[in-house]
Amino acid sequence: TACSSKFVLSQVHPMWQEPLAIPGGDRQSPIDIVERKSVFDSKLKPLVTNYDPKTCQQIWNNGYSFLVEYDDTTDKSTLKGGPLQDQFRLCQFHFHWGECNSWGSEHTVDRRLFPAELHLVHWNADKYNLFEEAVVEDNGLAVIGVFLKIGKRHEGLQKLVDALPVIRHKDSVVEFTKFDPACLLPPNIDDYWTYHGSLTTPPLTEAVTWIVMKQHIEVSHDQLAVFRSLLFTAAEEEVQKSMVNNFRGTQPLRGRTVRSSFT
Ligand SMILES: COc1ccc(C[C@@]2(O)NC(=S)NC2=O)c(OC)c1
Ligand SMILES: [Zn+2]
């Protein structure tokens, strides 16, 4: 299969066409994080997450990934601290993964690829009233990125894995409640890289303060295999396409500095 030799990543067809012109275009994501070029910033504070599992509402297949969505109409599930000046509200989390364990993450570290990457998406509720407003502003979004590696089974993830067969097709949705996203964070969330970037699918707006965790989490091979059983396509489409390789390639740094919260 394509996974046998690791050099075949270049043959992976992106699921959407890269636009010719990108708005701004000098703050695109993901990027390759070059550890020795990241700059330690002692002014970076510890991250403060405060997630209420009761705000978890549903899980659905949007034809790119699957999203777990949270009620963001109040300040019940928030993120602040770290590089952030304001308080942000959790609105959703989703993942990116490959057709095999040789690739799948969006960010890379010294060109190292991980089998998958989690994105916890938050918007700036101190400055804006709705996610839709924040998504086009420089300081509108804060996304925590967590790398996944294959290893022992992730007990907290299993409830989510068990829901996936119900949302196999694009646009399928099912109620999903009482899920604490904090269980998907690594033990140490004080060690991270941060830089200014963008959404990684269209509209690719440059609204994201990225916070990429240095520590990864482990999931089992079987758990990640269930991600790959999802489909990009809707139930009525003749040709069904497996939801795999839903990641964007790394983008030019364009002079940006990646700061680290650790030495
Ligand atoms: C119009 O608003 C959007 C559109 C797409 C995404 C998804 C994504 O592009 N962004 C990240 S992060 N990963 C992705 O795949 C989004 O997420 C916050 C917000
Ligand atoms: Zn993402």
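We use all heavy atoms of the structure for the numbers below, so side chains are in, but hydrogens, waters and symmetry mates are not. Counting starts at 1 for both ligands and their atoms, in listed order.
Aromatic ring orientation, Tyr195 versus Trp210: parallel (interplanar angle below 30°, classes split at 30° and 60°).
The Zn ion (ligand 2) lies closest to atom NE2 when only the N/O/S atoms of His96 are considered. The N, O or S atom of His119 with the smallest distance to the Zn ion (ligand 2) is ND1.
Ranking protein heavy atoms by distance to atom 14 (C) of ligand 1, first place goes to Thr200 OG1, 3.3 Å. The shortest contact between atom 18 (C) of ligand 1 and any protein heavy atom is with Val121 CG1, 3.4 Å. Ranking the protein heavy atoms by distance from atom 2 (O) of ligand 1 puts Val135 CG2, 3.5 Å first. Nearest protein neighbour of atom 16 (C) of ligand 1, counting heavy atoms only, is Leu199 CD2, 3.9 Å. Protein heavy atom at the shortest distance from atom 17 (O) of ligand 1 is Gln92 NE2, 3.7 Å. Annotation: atom 15 (O) of ligand 1 to nearest protein heavy atom, His96 CE1, 3.1 Å. Protein heavy atom at the shortest distance from atom 9 (O) of ligand 1 is Thr201 OG1, 2.6 Å. Residue, atom and distance of the protein heavy atom nearest to atom 1 (C) of ligand 1 are Pro203 CD, 3.8 Å.
A centroid separation of 6.0 Å or more is found between the aromatic rings of Tyr64 and Phe247.
Ser77 places a side-chain N or O within 3.5 Å of a backbone atom of Asp52 that can act as its donor or acceptor partner. With hydrogens and angles disregarded, no donor-acceptor distance shorter than 3.5 Å links the side chain of Glu99 to the backbone of Arg228. Proximity of a side-chain donor or acceptor of Asn61 to a complementary backbone N or O of Ile167 within less than 3.5 Å is detected. Between the side chain of Asp110 and the backbone N or O of Glu35, at least one donor-acceptor pair lies under 3.5 Å.
Within the 4.0 Å heavy-atom cutoff, Phe247 does not count among the residues contacting ligand 1. Residue contact annotation: Tyr64 has no non-hydrogen atom under 4.0 Å from ligand 1.
Every atom of ligand 1 with a heavy atom of His119 under 4.0 Å away is listed here by number and element: 12 (S), 13 (N). Heavy-atom contacts of Phe131 reach the following atoms of ligand 1: 2 (O), 19 (C) (cutoff under 4.0 Å).
For ligand 1, the polar-atom distance check against Trp210 finds no nitrogen or oxygen pair separated by under 3.5 Å.
By the neighbour-count criterion of 12 heavy atoms within 6.0 Å, atom CD of Gln17 is sparsely surrounded, having that number or fewer from other residues, nucleotides or ligands.
For the pair Lys159 and Phe176, the cation sits on the ring face: its NZ or CZ lies under 6.0 Å from the ring centre, inside 45° of the axis.
The pair Lys127-Glu133 does not meet the salt-bridge criterion, since no charged nitrogen lies less than 4.0 angstrom from a carboxylate oxygen.
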Trp193 vs Phe262, ring-ring contact (aromatic ring centres under 6.0 Å, His included): CA-CA, chis, key distance, verdict | CA-CA 8 Å; Trp193 294 283; Phe262 61 95; 5.6 Å; yes
